[in-house]
There are 2 protein chains.
Amino acid sequence: MHRDEIPPGTLYLMILKTLARRRELHGYEIAKTIQQNSEDVLQVEEGSLYPALQRMLVKGWVKASWGTTTENRRARFYRLTPLGRKQLEIEQSQFERVVNAITRVIQTA
Amino acid sequence: MHRDEIPPGTLYLMILKTLARRRELHGYEIAKTIQQNSEDVLQVEEGSLYPALQRMLVKGWVKASWGTTTENRRARFYRLTPLGRKQLEIEQSQFERVVNAITRVIQTA
DNA sequence: TATCCTTCCATAGTCTAACTATGCATCGCC
DNA sequence: GGCGATGCATAGTTAGACTATGGAAGGATA
């Protein structure tokens, strides 16, 4: 089954939202969660995910701590910060706003 | 009123769709049409539009011819090619597919 | 034992495309 | 004269998702 590329910018939104409902997740879990929730349409490449998480750390949207998974593997766990939670709201409303606008254009046009 | 940036890739879609229902339009008209149909949410910058039209010419999605506007100005008119029409269908279904997937992620997550 | 898949992290480098800034020209209006 | 709107176009910047690649550790299997 063919997978599509993720439109630049929306990766942040999906990561933020995925983290918002959990206490903490590590990178691999985030990727798998997004893939599953998109019903396999979206595939988050590792070369996209980890740089994005680094940027989000710098921006202060997430915090990270090293730990071990249930399978006893070394992993880095990410948690949303209050700033990240605010950013999520911004990104979400922005997304809806833009998608609605585009939809109007390609319906009305 | 704050305007949002256009997600990379969707500009093609909006231009194609805008041209699909007209015989021909020049660049400035395309920009204004998109802006109006989006209810002023989307602002197509000239520095985005004209390079995009050039690329679409190269791809063979549009044809161009010089003429004069109703206001007697020199302008370049663009028309959709059959290839452009096919591309429109591709872009449109791709857009819906991806947006639906993202929506699932940010609702389910 | 060797091999292979999966899980997990990370970086380097490429590439697309939307952006800002800038330049040009003409028209109408004040 | 100046200014805004109409029109086209290019140069250079930037963000961010991608490919490719590297590593390490676990479990399964031959």
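All values below were derived from every heavy atom in this structure, side-chain atoms included, with hydrogens, water molecules and symmetry-related copies excluded. Protein chains get the first letters and strands the later ones, always in sequence-line order, with residue 1 at the start of each. Small disclaimer: the values here were computed from a predicted structure and weren't measured.
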For a 4.5 angstrom cut-off between non-hydrogen side-chain atoms, does A/Pro7 reach B/Val98?
yes
Just how far is it from atom CD1 of A/Ile102 to atom CG of B/Leu11, taken to the nearest 0.5 Å?
9.5 Å
On DNA chain D, nearest-nucleotide positions of A/Asn72 versus A/Arg55: which is more 5'?
A/Arg55
Just to confirm, is there a sub-4.0 Å distance from OP1 or OP2 of D/dG16 to any side-chain nitrogen or oxygen of A/Tyr12?
yes
Which nucleotide in D/dC18, C/dA10, D/dA9 has an atom nearest any side-chain atom of A/Arg76:
C/dA10
Listed nucleotide nearest any side-chain atom of B/Pro51, set C/dA10, C/dC19, C/dT11
C/dC19
Distance test, side-chain N/O of A/Arg73 to OP1/OP2 of C/dT6, below 4.0 Å:
no
Heavy atoms from C-beta onward define the side chain here; which of C/dC19, D/dC8, C/dA17 lies closest to that of B/Glu45?
C/dC19
Rounding to an integer number of Å, can you tell me how far B/Leu42 CG sits from C/dA18 C1'?
12 Å
Residue whose nearest DNA chain D nucleotide is more 5′ - A/Leu11 or B/Glu29:
B/Glu29
Nearest 0.5 angstrom please: B/Leu42 CG to B/Gln35 CD, how far?
9.0 Å
Are B/Arg55 and B/Trp61 side-chain neighbours, meaning at least one heavy-atom pair lies under 4.5 Å?
no
Using a 4.0 Å heavy-atom cut-off across all strands, classify A/Gly47 as base, sugar-phosphate, or nothing.
base
Length of the line joining A/Glu71:CD and C/dC8:C1', which is rounded to integer Å:
10 Å
With respect to the side chain of B/Ser48, which nucleotide from C/dA18, C/dA10, C/dT7 is positioned closest?
C/dA18
Nearest-Å distance, CD (B/Gln35) to P (D/dG7)?
14 Å
Checking all strands, does A/Phe77 fall into the base, sugar-phosphate, or nothing category for heavy-atom contacts under 4.0 angstrom?
nothing
In whole angstrom, what separates A/Lys59's NZ from D/dG16's C1'?
10 Å
Check: C/dC9 base within 3.5 Å donor-acceptor of A/Glu46 side chain:
yes
Select one nucleotide: of D/dC8, C/dC19, D/dA17, the one nearest the side-chain heavy atoms of A/Pro8.
D/dA17
The nucleotide from C/dC8, D/dT6, D/dT10 with an atom nearest the side chain of A/His26 is C/dC8
D/dT10 phosphate, OP1 or OP2, under 4.0 Å from B/Gln54 side-chain N/O:
yes
Between A/Tyr78 (OH) and C/dC8 (P), how many Å, whole number?
13 Å
Send over the distance from A/Ile6 CD1 to D/dG16 C1', rounded to a whole Å.
11 Å
Rounded to the nearest angstrom, tell me the gap between atom CG in A/Leu49 and atom C1' in C/dT11.
14 Å
Exactly one of B/Trp66, B/Phe77, B/Tyr78 should register a ring pair (Phe, Tyr, Trp, His ring centres under 6.0 Å) with B/His26. Which one does?
B/Phe77
Nearest to side-chain heavy atoms of B/Tyr50, which nucleotide of D/dC18, C/dC8, D/dT10:
D/dT10
Verdict with supporting geometry, B/Met14 and B/Asn37, side-chain contact (heavy atoms from CB on, under 4.5 Å):
CA-CA 10 Å; B/Met14 292 192 291; B/Asn37 287 342; over 6 Å; no
In this structure, how many angstroms lie between the P atom of D/dG7 and the CG atom of B/Leu25, rounded?
11 Å
